[in-house]
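Convention: sequence-line order gives letters A, B, ...; per-chain numbering from 1. These numbers come from a predicted model, not from an experiment.
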Amino acid sequence: LETFEKPIAETTKMNDEERKELPEKSEGDGTEQAPPANDEEQTETTEQRPRRLHRSRSDKVLGGVGGGLGSYFGVDPIFFRIGFVALTFFGGAGIFLYLAAWIFVPPEGSARAFDPRLRGRALTVIGAVVLAIAALSVLGSFGDHGWGWGWGWWWGAFLGPLALIALGGALLWAYLSERRGDGDGIDAGWVVSRIALVIAVLAGSTVLFFGSALVAAAGGGAAAASLVVVIGALLAVAAFRGGARWLILPALLLAIPAGVVSAADVDLDGGVGEKEYRPASLADLRPGYELGMGRLEVDLRDLDLPAGDRPLRIDLGIGQAVVIVPEDVCVTLDSRVGAGYARLFDRDSGGLDLDWDSSPTAHPAVSRLLLDADVGIGALEVVHDPADVNERDGRWGREWGPGDTVEDSLGNVGCERRPAQRRRERNATP
Amino acid sequence: MQRREFDPTSLVAGLVIAAFGALLLLDRVDALDLRFSYFWPAVTATIGAILLASGLTRGR
(Lines give C-alpha, C1' and ligand atoms only; values in the text may rest on other atoms or scores of the structure.)
Protein backbone atom coordinates (compact mmCIF):
# COMPACT_ATOMS: atom_id res chain seq x y z
CA LEU A 1 0.00 0.00 0.00
CA GLU A 2 2.97 2.29 0.61
CA THR A 3 3.59 2.96 -3.07
CA PHE A 4 -0.05 3.64 -3.64
CA GLU A 5 -0.36 6.05 -0.77
CA LYS A 6 2.66 8.26 -1.32
CA PRO A 7 1.96 9.74 -4.75
CA ILE A 8 -1.49 10.77 -3.65
CA ALA A 9 -0.15 12.47 -0.56
CA GLU A 10 2.49 14.27 -2.62
CA THR A 11 0.26 15.35 -5.44
CA THR A 12 -2.39 16.68 -3.12
CA LYS A 13 0.23 18.64 -1.28
CA MET A 14 1.57 19.97 -4.55
CA ASN A 15 -1.94 20.87 -5.52
CA ASP A 16 -2.15 23.18 -2.57
CA GLU A 17 1.30 24.72 -2.48
CA GLU A 18 2.58 24.75 -6.02
CA ARG A 19 -0.48 25.12 -8.12
CA LYS A 20 0.30 28.73 -9.00
CA GLU A 21 3.91 28.08 -9.86
CA LEU A 22 3.65 24.94 -11.93
CA PRO A 23 0.28 24.79 -13.61
CA GLU A 24 1.60 22.96 -16.71
CA LYS A 25 3.38 20.27 -14.77
CA SER A 26 0.41 19.41 -12.60
CA GLU A 27 -1.62 19.03 -15.77
CA GLY A 28 1.07 16.75 -17.19
CA ASP A 29 0.70 13.93 -14.67
CA GLY A 30 -2.87 14.74 -14.14
CA THR A 31 -4.52 11.34 -13.97
CA GLU A 32 -4.26 11.06 -10.20
CA GLN A 33 -5.11 14.69 -9.72
CA ALA A 34 -8.54 14.71 -11.23
CA PRO A 35 -10.19 16.34 -8.25
CA PRO A 36 -12.64 13.94 -6.64
CA ALA A 37 -15.74 15.26 -4.98
CA ASN A 38 -14.25 14.98 -1.50
CA ASP A 39 -10.98 16.65 -2.40
CA GLU A 40 -10.90 18.84 0.68
CA GLU A 41 -11.51 16.01 3.09
CA GLN A 42 -8.77 13.97 1.47
CA THR A 43 -6.23 16.76 1.64
CA GLU A 44 -6.97 17.14 5.30
CA THR A 45 -6.25 13.53 6.17
CA THR A 46 -3.32 12.94 3.83
CA GLU A 47 -1.26 15.90 4.94
CA GLN A 48 0.16 14.36 8.10
CA ARG A 49 0.38 10.66 7.25
CA PRO A 50 -0.35 8.16 4.51
CA ARG A 51 -4.02 7.63 3.83
CA ARG A 52 -5.45 4.92 6.07
CA LEU A 53 -8.52 2.83 6.10
CA HIS A 54 -10.80 3.71 8.97
CA ARG A 55 -14.31 2.90 9.98
CA SER A 56 -16.36 6.01 9.45
CA ARG A 57 -18.00 7.57 12.48
CA SER A 58 -20.24 9.95 10.58
CA ASP A 59 -21.31 7.80 7.61
CA LYS A 60 -22.41 4.50 9.09
CA VAL A 61 -25.21 1.99 9.01
CA LEU A 62 -23.70 -0.65 11.29
CA GLY A 63 -20.03 -0.27 12.10
CA GLY A 64 -19.04 2.32 9.53
CA VAL A 65 -17.10 -0.19 7.40
CA GLY A 66 -18.93 0.71 4.21
CA GLY A 67 -18.53 4.45 4.86
CA GLY A 68 -14.83 3.98 5.60
CA LEU A 69 -14.23 1.96 2.43
CA GLY A 70 -16.19 4.54 0.46
CA SER A 71 -14.09 7.48 1.62
CA TYR A 72 -10.88 5.45 1.20
CA PHE A 73 -11.62 4.61 -2.42
CA GLY A 74 -13.60 7.76 -3.14
CA VAL A 75 -16.68 5.77 -4.10
CA ASP A 76 -20.24 5.96 -2.86
CA PRO A 77 -20.38 3.64 0.20
CA ILE A 78 -23.67 2.19 -1.04
CA PHE A 79 -21.68 -0.03 -3.44
CA PHE A 80 -19.77 -1.61 -0.57
CA ARG A 81 -22.93 -2.05 1.46
CA ILE A 82 -24.67 -3.77 -1.44
CA GLY A 83 -21.53 -5.86 -1.93
CA PHE A 84 -21.56 -7.08 1.67
CA VAL A 85 -25.26 -7.93 1.48
CA ALA A 86 -24.77 -9.74 -1.84
CA LEU A 87 -21.82 -11.74 -0.48
CA THR A 88 -23.98 -12.83 2.45
CA PHE A 89 -25.87 -15.09 0.06
CA PHE A 90 -22.66 -16.96 -0.68
CA GLY A 91 -22.73 -19.00 2.48
CA GLY A 92 -22.65 -15.96 4.73
CA ALA A 93 -19.26 -14.75 3.48
CA GLY A 94 -20.43 -11.13 3.59
CA ILE A 95 -21.22 -11.39 7.30
CA PHE A 96 -17.82 -12.83 8.11
CA LEU A 97 -15.97 -10.26 6.01
CA TYR A 98 -17.94 -7.43 7.54
CA LEU A 99 -17.31 -8.63 11.07
CA ALA A 100 -13.61 -9.09 10.32
CA ALA A 101 -13.44 -5.52 9.01
CA TRP A 102 -15.39 -4.27 12.00
CA ILE A 103 -12.88 -5.86 14.35
CA PHE A 104 -9.62 -5.19 12.55
CA VAL A 105 -10.20 -1.78 10.96
CA PRO A 106 -9.74 0.95 13.56
CA PRO A 107 -12.41 3.60 14.02
CA GLU A 108 -11.85 7.09 12.64
CA GLY A 109 -9.51 9.13 14.81
CA SER A 110 -7.84 6.11 16.35
CA ALA A 111 -4.44 4.89 15.27
CA ARG A 112 -4.77 1.57 17.02
CA ALA A 113 -6.06 -1.38 15.13
CA PHE A 114 -7.33 -3.19 18.19
CA ASP A 115 -9.74 -1.52 20.50
CA PRO A 116 -9.63 -3.62 23.67
CA ARG A 117 -13.12 -2.59 24.65
CA LEU A 118 -14.34 -3.81 21.30
CA ARG A 119 -12.92 -7.29 21.79
CA GLY A 120 -15.57 -8.52 24.18
CA ARG A 121 -18.34 -7.10 22.05
CA ALA A 122 -16.86 -8.53 18.85
CA LEU A 123 -16.51 -11.99 20.36
CA THR A 124 -20.10 -11.82 21.57
CA VAL A 125 -21.35 -10.83 18.13
CA ILE A 126 -19.27 -13.48 16.35
CA GLY A 127 -20.32 -16.14 18.85
CA ALA A 128 -23.98 -15.26 18.37
CA VAL A 129 -23.64 -15.31 14.57
CA VAL A 130 -21.83 -18.67 14.62
CA LEU A 131 -24.54 -20.13 16.86
CA ALA A 132 -27.25 -18.74 14.61
CA ILE A 133 -25.59 -20.34 11.59
CA ALA A 134 -25.42 -23.66 13.46
CA ALA A 135 -29.14 -23.42 14.19
CA LEU A 136 -29.89 -22.48 10.58
CA SER A 137 -27.91 -25.38 9.19
CA VAL A 138 -29.73 -27.81 11.47
CA LEU A 139 -33.06 -26.36 10.34
CA GLY A 140 -31.88 -26.50 6.75
CA SER A 141 -31.14 -30.19 7.06
CA PHE A 142 -34.86 -30.88 7.54
CA GLY A 143 -35.55 -29.84 3.95
CA ASP A 144 -36.80 -32.19 1.25
CA HIS A 145 -33.38 -33.15 0.01
CA GLY A 146 -31.74 -33.35 3.39
CA TRP A 147 -29.59 -30.30 2.90
CA GLY A 148 -32.20 -27.59 2.72
CA TRP A 149 -30.58 -24.87 0.69
CA GLY A 150 -27.16 -26.33 0.45
CA TRP A 151 -25.84 -25.38 3.85
CA GLY A 152 -24.45 -28.81 4.45
CA TRP A 153 -22.15 -28.67 1.51
CA TRP A 154 -21.08 -25.15 2.36
CA TRP A 155 -20.26 -26.26 5.83
CA GLY A 156 -17.87 -28.90 4.78
CA ALA A 157 -16.15 -26.88 2.11
CA PHE A 158 -16.05 -23.39 3.47
CA LEU A 159 -17.83 -22.27 6.57
CA GLY A 160 -16.65 -25.01 8.91
CA PRO A 161 -12.96 -24.29 8.32
CA LEU A 162 -13.73 -20.56 8.44
CA ALA A 163 -15.30 -20.97 11.87
CA LEU A 164 -12.20 -22.85 12.96
CA ILE A 165 -9.94 -20.09 11.67
CA ALA A 166 -12.10 -17.52 13.44
CA LEU A 167 -11.74 -19.39 16.70
CA GLY A 168 -8.01 -19.90 16.25
CA GLY A 169 -7.58 -16.24 15.41
CA ALA A 170 -9.60 -15.17 18.43
CA LEU A 171 -7.54 -17.37 20.75
CA LEU A 172 -4.24 -16.14 19.30
CA TRP A 173 -5.42 -12.59 19.47
CA ALA A 174 -6.54 -12.95 23.06
CA TYR A 175 -3.15 -14.41 23.83
CA LEU A 176 -1.05 -11.84 22.01
CA SER A 177 -3.03 -8.88 23.29
CA GLU A 178 -2.71 -9.98 26.89
CA ARG A 179 -0.01 -7.40 27.65
CA ARG A 180 -1.36 -4.72 25.41
CA GLY A 181 -2.97 -2.91 28.32
CA ASP A 182 0.37 -2.16 29.99
CA GLY A 183 1.13 0.70 27.64
CA ASP A 184 3.52 1.09 24.76
CA GLY A 185 6.45 -0.69 26.36
CA ILE A 186 6.58 -3.83 24.23
CA ASP A 187 10.19 -4.91 23.87
CA ALA A 188 11.60 -6.86 20.94
CA GLY A 189 12.60 -9.84 23.07
CA TRP A 190 9.05 -10.30 24.26
CA VAL A 191 7.71 -10.11 20.71
CA VAL A 192 10.28 -12.65 19.44
CA SER A 193 9.57 -15.08 22.26
CA ARG A 194 5.84 -14.73 21.69
CA ILE A 195 6.22 -15.37 17.94
CA ALA A 196 8.41 -18.41 18.64
CA LEU A 197 5.77 -19.67 21.03
CA VAL A 198 3.01 -19.15 18.46
CA ILE A 199 5.01 -21.08 15.86
CA ALA A 200 5.58 -23.89 18.35
CA VAL A 201 1.87 -23.93 19.18
CA LEU A 202 0.98 -24.07 15.47
CA ALA A 203 3.40 -26.95 14.87
CA GLY A 204 2.08 -28.84 17.89
CA SER A 205 -1.49 -28.18 16.75
CA THR A 206 -0.79 -29.59 13.30
CA VAL A 207 0.72 -32.74 14.78
CA LEU A 208 -2.21 -33.12 17.17
CA PHE A 209 -4.77 -32.54 14.41
CA PHE A 210 -3.40 -35.10 11.95
CA GLY A 211 -2.39 -37.48 14.73
CA SER A 212 -5.95 -37.50 16.01
CA ALA A 213 -7.31 -38.13 12.50
CA LEU A 214 -4.86 -40.98 11.99
CA VAL A 215 -5.58 -42.60 15.35
CA ALA A 216 -9.33 -42.36 14.78
CA ALA A 217 -9.04 -43.78 11.24
CA ALA A 218 -6.89 -46.66 12.49
CA GLY A 219 -9.61 -47.71 14.92
CA GLY A 220 -8.76 -45.55 17.95
CA GLY A 221 -11.82 -43.32 17.61
CA ALA A 222 -13.29 -44.38 20.94
CA ALA A 223 -10.04 -43.57 22.74
CA ALA A 224 -9.83 -40.15 21.08
CA ALA A 225 -13.47 -39.42 21.95
CA SER A 226 -12.92 -40.47 25.57
CA LEU A 227 -9.90 -38.17 25.78
CA VAL A 228 -12.05 -35.28 24.52
CA VAL A 229 -14.65 -35.96 27.21
CA VAL A 230 -11.93 -36.07 29.87
CA ILE A 231 -10.39 -32.77 28.71
CA GLY A 232 -13.87 -31.21 28.69
CA ALA A 233 -14.47 -32.35 32.26
CA LEU A 234 -11.05 -31.06 33.37
CA LEU A 235 -11.81 -27.71 31.78
CA ALA A 236 -15.15 -27.47 33.56
CA VAL A 237 -13.53 -28.29 36.90
CA ALA A 238 -10.69 -25.84 36.27
CA ALA A 239 -13.27 -23.09 35.76
CA PHE A 240 -13.68 -22.89 39.53
CA ARG A 241 -9.95 -22.50 40.04
CA GLY A 242 -9.27 -19.59 37.75
CA GLY A 243 -9.92 -21.39 34.47
CA ALA A 244 -7.70 -23.16 31.97
CA ARG A 245 -8.74 -21.75 28.63
CA TRP A 246 -5.64 -23.04 26.90
CA LEU A 247 -7.17 -26.53 27.10
CA ILE A 248 -9.84 -25.47 24.59
CA LEU A 249 -7.37 -25.60 21.71
CA PRO A 250 -6.03 -29.16 22.21
CA ALA A 251 -9.55 -30.40 22.93
CA LEU A 252 -10.88 -29.07 19.63
CA LEU A 253 -7.78 -30.20 17.75
CA LEU A 254 -8.47 -33.73 18.98
CA ALA A 255 -12.23 -33.65 18.60
CA ILE A 256 -12.71 -32.19 15.14
CA PRO A 257 -10.51 -34.54 13.07
CA ALA A 258 -11.79 -37.52 15.05
CA GLY A 259 -15.32 -36.32 14.28
CA VAL A 260 -14.64 -35.93 10.55
CA VAL A 261 -13.26 -39.47 10.48
CA SER A 262 -16.34 -40.72 12.34
CA ALA A 263 -18.81 -38.84 10.16
CA ALA A 264 -17.17 -40.13 6.98
CA ASP A 265 -16.69 -43.60 8.48
CA VAL A 266 -13.10 -43.73 7.33
CA ASP A 267 -11.53 -47.07 8.10
CA LEU A 268 -7.88 -47.58 7.23
CA ASP A 269 -8.07 -51.39 7.42
CA GLY A 270 -6.61 -53.03 4.36
CA GLY A 271 -3.38 -51.12 3.86
CA VAL A 272 -2.22 -48.28 1.66
CA GLY A 273 -1.46 -48.26 -2.04
CA GLU A 274 -2.88 -49.11 -5.44
CA LYS A 275 -4.68 -52.40 -5.86
CA GLU A 276 -6.11 -53.80 -9.07
CA TYR A 277 -8.10 -56.99 -9.26
CA ARG A 278 -9.21 -58.63 -12.47
CA PRO A 279 -10.63 -62.01 -11.51
CA ALA A 280 -10.49 -64.38 -14.51
CA SER A 281 -12.95 -66.91 -13.19
CA LEU A 282 -15.72 -67.17 -10.61
CA ALA A 283 -13.31 -69.07 -8.35
CA ASP A 284 -11.06 -65.98 -8.30
CA LEU A 285 -13.87 -63.60 -7.37
CA ARG A 286 -13.75 -62.77 -3.68
CA PRO A 287 -16.85 -61.85 -1.67
CA GLY A 288 -15.32 -58.45 -1.00
CA TYR A 289 -12.33 -56.18 -1.62
CA GLU A 290 -10.81 -53.81 0.89
CA LEU A 291 -8.25 -50.99 0.94
CA GLY A 292 -7.35 -48.43 3.60
CA MET A 293 -6.03 -45.59 1.47
CA GLY A 294 -5.31 -45.33 -2.24
CA ARG A 295 -6.90 -46.65 -5.41
CA LEU A 296 -8.91 -49.84 -5.54
CA GLU A 297 -10.01 -51.21 -8.90
CA VAL A 298 -12.11 -54.32 -9.39
CA ASP A 299 -12.56 -55.28 -13.05
CA LEU A 300 -15.24 -57.89 -13.66
CA ARG A 301 -15.18 -57.85 -17.47
CA ASP A 302 -13.38 -61.19 -17.77
CA LEU A 303 -16.06 -62.92 -15.73
CA ASP A 304 -18.96 -64.83 -17.12
CA LEU A 305 -21.39 -64.34 -14.25
CA PRO A 306 -24.17 -66.93 -14.08
CA ALA A 307 -27.81 -65.86 -13.91
CA GLY A 308 -29.01 -64.82 -10.49
CA ASP A 309 -27.71 -62.62 -7.69
CA ARG A 310 -24.08 -62.20 -6.78
CA PRO A 311 -23.10 -60.05 -3.75
CA LEU A 312 -19.91 -58.00 -3.79
CA ARG A 313 -18.53 -55.80 -1.03
CA ILE A 314 -16.19 -52.85 -1.59
CA ASP A 315 -14.53 -51.14 1.37
CA LEU A 316 -12.27 -48.12 1.01
CA GLY A 317 -11.13 -45.64 3.66
CA ILE A 318 -9.75 -42.77 1.58
CA GLY A 319 -9.26 -42.69 -2.20
CA GLN A 320 -10.91 -43.93 -5.35
CA ALA A 321 -12.81 -47.16 -5.77
CA VAL A 322 -13.58 -48.29 -9.34
CA VAL A 323 -15.80 -51.22 -10.23
CA ILE A 324 -15.93 -52.16 -13.91
CA VAL A 325 -18.99 -54.23 -14.77
CA PRO A 326 -19.85 -56.10 -18.00
CA GLU A 327 -22.68 -54.53 -20.02
CA ASP A 328 -25.09 -57.42 -19.60
CA VAL A 329 -25.01 -57.40 -15.79
CA CYS A 330 -27.63 -55.55 -13.79
CA VAL A 331 -26.20 -53.70 -10.76
CA THR A 332 -27.99 -52.97 -7.51
CA LEU A 333 -26.20 -50.48 -5.31
CA ASP A 334 -26.18 -49.94 -1.57
CA SER A 335 -23.42 -47.41 -1.03
CA ARG A 336 -22.25 -44.86 1.47
CA VAL A 337 -19.71 -42.17 0.64
CA GLY A 338 -18.90 -39.96 3.64
CA ALA A 339 -17.46 -37.08 1.64
CA GLY A 340 -16.78 -37.04 -2.08
CA TYR A 341 -18.36 -38.38 -5.21
CA ALA A 342 -20.32 -41.38 -6.42
CA ARG A 343 -21.22 -42.60 -9.90
CA LEU A 344 -23.44 -45.40 -11.11
CA PHE A 345 -22.94 -45.48 -14.88
CA ASP A 346 -24.58 -42.28 -16.17
CA ARG A 347 -25.81 -41.06 -12.79
CA ASP A 348 -23.52 -39.23 -10.40
CA SER A 349 -23.55 -36.95 -7.42
CA GLY A 350 -21.09 -35.32 -5.05
CA GLY A 351 -21.11 -33.90 -1.57
CA LEU A 352 -21.29 -35.06 2.03
CA ASP A 353 -23.19 -38.04 3.45
CA LEU A 354 -23.90 -39.55 0.02
CA ASP A 355 -26.13 -42.56 0.49
CA TRP A 356 -27.39 -44.53 -2.47
CA ASP A 357 -29.78 -47.39 -2.21
CA SER A 358 -31.04 -48.72 -5.49
CA SER A 359 -32.38 -52.17 -6.18
CA PRO A 360 -33.63 -52.49 -9.74
CA THR A 361 -34.98 -55.86 -10.78
CA ALA A 362 -33.56 -58.07 -13.50
CA HIS A 363 -34.92 -60.82 -15.73
CA PRO A 364 -34.34 -64.22 -14.06
CA ALA A 365 -32.00 -65.19 -16.87
CA VAL A 366 -29.82 -62.12 -16.28
CA SER A 367 -27.07 -61.96 -13.68
CA ARG A 368 -27.41 -59.29 -11.03
CA LEU A 369 -24.53 -57.84 -9.02
CA LEU A 370 -25.49 -56.78 -5.51
CA LEU A 371 -22.90 -54.13 -4.80
CA ASP A 372 -22.42 -53.02 -1.21
CA ALA A 373 -19.85 -50.23 -1.18
CA ASP A 374 -18.39 -48.11 1.58
CA VAL A 375 -16.05 -45.20 0.84
CA GLY A 376 -15.03 -42.83 3.65
CA ILE A 377 -13.57 -39.89 1.75
CA GLY A 378 -13.13 -40.03 -2.02
CA ALA A 379 -14.91 -41.43 -5.03
CA LEU A 380 -16.91 -44.51 -5.91
CA GLU A 381 -17.17 -45.21 -9.63
CA VAL A 382 -19.28 -48.01 -11.08
CA VAL A 383 -18.75 -48.03 -14.85
CA HIS A 384 -18.89 -50.25 -17.93
CA ASP A 385 -15.91 -48.62 -19.61
CA PRO A 386 -12.77 -47.60 -17.67
CA ALA A 387 -12.52 -44.54 -19.93
CA ASP A 388 -15.61 -43.16 -18.16
CA VAL A 389 -13.76 -42.93 -14.85
CA ASN A 390 -12.98 -39.35 -13.83
CA GLU A 391 -15.48 -38.05 -16.42
CA ARG A 392 -17.31 -35.39 -14.47
CA ASP A 393 -20.30 -33.59 -15.81
CA GLY A 394 -20.03 -30.67 -13.43
CA ARG A 395 -22.91 -31.64 -11.19
CA TRP A 396 -20.78 -31.62 -8.06
CA GLY A 397 -22.97 -31.25 -5.02
CA ARG A 398 -26.15 -31.52 -7.06
CA GLU A 399 -29.07 -33.10 -5.30
CA TRP A 400 -31.45 -35.59 -6.78
CA GLY A 401 -34.61 -34.01 -8.00
CA PRO A 402 -38.03 -35.64 -7.59
CA GLY A 403 -38.25 -38.87 -9.56
CA ASP A 404 -34.58 -38.58 -10.48
CA THR A 405 -33.46 -41.83 -8.92
CA VAL A 406 -30.61 -44.20 -9.52
CA GLU A 407 -33.16 -46.68 -10.83
CA ASP A 408 -33.43 -44.42 -13.84
CA SER A 409 -29.80 -44.95 -14.74
CA LEU A 410 -30.00 -45.63 -18.47
CA GLY A 411 -26.53 -47.08 -18.32
CA ASN A 412 -27.68 -49.89 -16.05
CA VAL A 413 -28.73 -51.77 -19.18
CA GLY A 414 -28.86 -55.25 -17.67
CA CYS A 415 -31.78 -54.33 -15.46
CA GLU A 416 -35.44 -54.45 -16.33
CA ARG A 417 -36.83 -51.18 -17.57
CA ARG A 418 -39.66 -49.44 -15.84
CA PRO A 419 -42.43 -48.17 -18.15
CA ALA A 420 -41.57 -44.50 -17.60
CA GLN A 421 -37.99 -45.21 -18.42
CA ARG A 422 -38.82 -47.05 -21.64
CA ARG A 423 -40.97 -44.13 -22.70
CA ARG A 424 -38.06 -41.76 -22.11
CA GLU A 425 -35.66 -43.95 -24.02
CA ARG A 426 -38.02 -44.06 -26.98
CA ASN A 427 -38.24 -40.27 -26.95
CA ALA A 428 -34.50 -39.94 -26.73
CA THR A 429 -33.88 -42.02 -29.86
CA PRO A 430 -36.15 -40.79 -32.65
CA MET B 1 -3.41 -18.56 36.60
CA GLN B 2 -2.80 -18.39 40.35
CA ARG B 3 -6.09 -16.60 40.84
CA ARG B 4 -8.96 -18.67 42.13
CA GLU B 5 -11.63 -16.67 40.39
CA PHE B 6 -14.50 -18.42 38.71
CA ASP B 7 -14.09 -18.42 34.91
CA PRO B 8 -17.43 -18.93 33.13
CA THR B 9 -15.69 -19.34 29.74
CA SER B 10 -13.82 -22.41 30.96
CA LEU B 11 -16.99 -23.88 32.40
CA VAL B 12 -19.04 -23.37 29.22
CA ALA B 13 -16.16 -24.59 27.04
CA GLY B 14 -15.62 -27.64 29.23
CA LEU B 15 -19.29 -28.60 29.15
CA VAL B 16 -19.76 -28.20 25.40
CA ILE B 17 -16.47 -29.98 24.65
CA ALA B 18 -17.45 -32.86 26.94
CA ALA B 19 -20.82 -33.05 25.19
CA PHE B 20 -19.08 -33.04 21.81
CA GLY B 21 -16.76 -35.83 22.94
CA ALA B 22 -19.78 -37.78 24.17
CA LEU B 23 -21.32 -37.44 20.71
CA LEU B 24 -18.18 -38.91 19.13
CA LEU B 25 -18.08 -41.69 21.71
CA LEU B 26 -21.72 -42.61 21.03
CA ASP B 27 -20.87 -42.93 17.33
CA ARG B 28 -17.89 -45.16 18.06
CA VAL B 29 -19.92 -47.51 20.27
CA ASP B 30 -22.60 -47.62 17.54
CA ALA B 31 -25.25 -45.96 19.70
CA LEU B 32 -25.77 -43.45 16.90
CA ASP B 33 -24.43 -42.84 13.42
CA LEU B 34 -22.60 -39.53 13.23
CA ARG B 35 -23.09 -37.82 9.89
CA PHE B 36 -21.81 -34.57 8.42
CA SER B 37 -25.32 -33.14 8.39
CA TYR B 38 -25.18 -32.81 12.16
CA PHE B 39 -21.46 -32.99 12.72
CA TRP B 40 -20.77 -29.54 11.23
CA PRO B 41 -23.61 -27.84 13.11
CA ALA B 42 -22.29 -29.49 16.29
CA VAL B 43 -18.79 -28.11 15.61
CA THR B 44 -20.22 -24.68 14.91
CA ALA B 45 -22.44 -24.70 17.97
CA THR B 46 -19.49 -25.70 20.15
CA ILE B 47 -17.27 -22.95 18.78
CA GLY B 48 -20.10 -20.41 18.88
CA ALA B 49 -20.88 -21.17 22.51
CA ILE B 50 -17.21 -20.80 23.48
CA LEU B 51 -16.87 -17.50 21.61
CA LEU B 52 -20.10 -16.19 23.10
CA ALA B 53 -19.06 -17.15 26.62
CA SER B 54 -15.65 -15.53 26.27
CA GLY B 55 -17.24 -12.42 24.79
CA LEU B 56 -19.63 -12.10 27.70
CA THR B 57 -16.91 -12.79 30.27
CA ARG B 58 -15.05 -9.53 30.51
CA GLY B 59 -12.78 -7.99 33.04
CA ARG B 60 -10.04 -10.59 32.85
> Can you name the side-chain hydrogen bond (donor to acceptor under 3.5 Å, both in side chains) partners of A/Asp267, sequence neighbours left out?
none
> Looking at B/Asp33 and B/Arg28, does any basic side-chain N land under 4.0 Å from a carboxylate oxygen?
no
> May I ask you to list the residues in residues 223-235 of chain A that approach chain B closer than 4.5 angstrom, counting heavy atoms only, ordered by number?
A/Ala225, A/Ser226, A/Val228, A/Val229, A/Gly232, A/Ala233, A/Leu235
> With no hydrogens and no angle check, is any side-chain donor or acceptor of B/Ser10 less than 3.5 Å from a backbone partner on A/Ala239?
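It does not hold such a pair.
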> Shorter than 4.5 Å, heavy atoms on both sides: which option in A/Ala258, A/Ala264, A/Ala238 has the most such pairs with chain B?
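Ranked by contacts with chain B, first place is A/Ala264.
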> I'd like to know whether A/Leu252 forms a side chain to side chain contact (heavy atoms under 4.5 Å, CB included) with B/Thr46, so could you lay out the CA-CA distance, the side-chain angles of the two residues, the decisive distance to 0.1 Å, and finally the verdict.
CA-CA 9 Å; A/Leu252 290 179; B/Thr46 304; 4.2 Å; yes
> Hey, which of A/Gly259, A/Ala251, A/Ala222 has the most heavy atom pairs under 4.5 Å with chain B?
A/Gly259
> Using the test side-chain hydrogen bond (donor to acceptor under 3.5 Å, both in side chains), find all partners of A/Asp372 that sit at least two apart in sequence or belong to another chain.
A/Arg313, A/Arg336
> Among A/Leu354, A/Asp315, A/Val337, find the one that has a side chain to side chain contact (heavy atoms under 4.5 Å, CB included) with A/Val375.
A/Val337
> What pairs with B/Thr9 under side-chain hydrogen bond (donor to acceptor under 3.5 Å, both in side chains), at least two apart in sequence or on another chain?
A/Arg245, B/Thr57
